[in-house]
Amino acid sequence: MPISATDADALDRADSLHPFRDDFDLPEGVIYLDGNSLGALPRATPGRMQTIVAREWGHDLIRSWNAHNWIDAPTRVGDKIAQLIGAGPGEVVVADSTSVNLFKVLSAALQINRGRSVILSEPGNFPNDLYIAQGLQALSGGRVELRIVERERLAESIDENVAVLMLTHVHYKTAAMHDMPALTALAHSRGALAVWDLSHSAGAVHVDLEAAQVDFAVGCGYKYLNGGPGSPAYLYVARRHQASAVSPIAGWLGHKRAFEFVDEYQPAPGIERYLAGAHPILGICALEVGVDLLLRAEPALLHGKSQRLCTLFAELAQERCGLYDIEPILPPDPASRGSHVSLRHPHAYSVMQALIGRGVIGDFRAPDILRFGLTPLYVGYRDVWDAVDILTDVLRSNTWQLPEYQLRHRVT
Ligand SMILES: *Cc1c(COP(=O)(O)O)cnc(C)c1O
């Protein structure tokens, strides 16, 4: 066995990120390995929500837009997220969902690179992102084309028709991480722009948008940023592109002078032009609590721990569950992995249901994947050890075959 339970305890004691776990309100008896689907609740969030609801909304009412600076919330929290992803102030804004933000930045990239028409992506990208591109294609009346080529052929496929390369940095199933700087540089050298989806990256692995000269990015608030269910998302537009395109959703809060209420749309000069309707204040302020916590952690420590947790999980699973049809899907090089581990099993859905029944929460991704998110901020080495121990027991005892674990829920 790679290490014992006692060794895992020792690793936790030596881990300077371990104390962050006390900043989260995790239930007793649960090993939470799903922070890449819905991050855990920071202990500070309910109090902050209480203040915003009771005092700012309840008592100060509409005055709060000025008195509590609600109006600046999207850029204030955007500037904080910028620090997590290597962007500068004024390059990130919090708004809408990742899906809507992707629509906005793809459209902007196509405006800037208007002589070209292809959005290039890969099969098996998070389907949502392909759907958004398909929607844009349909709306364009034939001008825009989504082209999907296998990962190995992406580089050679960036030809003179490609306007924008659209990729997710860390793959939602396999955890394989693209070489963002290299692919972005290659896109630029062929006259294309790059849009990156950071949903499975920010808050877990190293991201430096400025160093990679990334053009546009989007990302999710409810995963590693711990913003809560349906948290608003964020988008990044490199400063050099901000004046060159407009949002396809030309809403009033993206207007240069929203409160002059003129008939004609004029975009705000900077990143604020990507705002549309009224800011979701409760959601943005909940997200801010999660982001503030992450900003206290050393980014290099986060990524290093994430790699060690993933390696440990995969080694233990291979060693202890290899006999039971379990096959870890792990990019070979630790430096090109995200922060989750997927295991293939022919009855993955039922196995995950049985695991959840034993307090180990991960998720199932169709058709045959057990996925375990190893959030470096609050998952420890002993959690990993115990989770694999319970998984081994579930497989050895065949409890996953019980009838109650066969029923498919709507959300997996
Ligand atoms: C989770 C996730 C999203 C989420 O999109 P929303 O519209 O914010 O729900 C988008 N893209 C990827 C790659 C994701 O993993």
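All values below come from the heavy atoms of this structure, side chains included, with hydrogens, waters and symmetry mates left out. Both ligands and their constituent atoms are indexed starting at 1 by order of listing. Keep in mind that what you see is a predicted model, and the values were worked out from it rather than measured.
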Counting only pairs under 3.5 Å, give me each side-chain donor-acceptor contact of residues 402-412, with atom names and distances, residues two or more places apart or in other chains.
unit_1	atom_1	unit_2	atom_2	d
Gln406	OE1	Ser350	OG	2.8
Gln406	NE2	Trp400	O	2.7
Gln406	NE2	Gln401	O	3.4
Gln406	NE2	Leu402	O	2.8

Side-chain donor-acceptor distances from residues 218-233 under 3.5 Å, at least two apart:
unit_1	atom_1	unit_2	atom_2	d
Asn226	OD1	Ala40	N	3.3
Asn226	ND2	Tyr224	O	3.3

Quick one: side chains of residues 243-253, donor-acceptor pairs under 3.5 Å with protein atoms, not counting sequence neighbours, listed by atom name and distance.
unit_1	atom_1	unit_2	atom_2	d
Ser247	OG	Ile249	N	3.1
Ser247	OG	Ile249	O	3.3

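Between His206 and His303, the angle of the ring planes stays under 30°, which puts this pair in the parallel group of the 30/60° scheme.
Within 4.0 Å of ligand 1, contacts by protein heavy atoms are made from Ser97, Thr98, Ser99, Phe126, Asn128, Asp129, Thr168, Asp197, Ser199, His200, Tyr222, Lys223.
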(request) I would like to know whether His340 and His200 meet ring-ring contact (aromatic ring centres under 6.0 Å, His included); could you show each step before the answer? (result) CA-CA 9 Å; His340 60 270; His200 284 280; 5.5 Å; yes
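Checked against a 6.0 Å centroid threshold, the rings of Phe259 and Phe261 count as neighbours.
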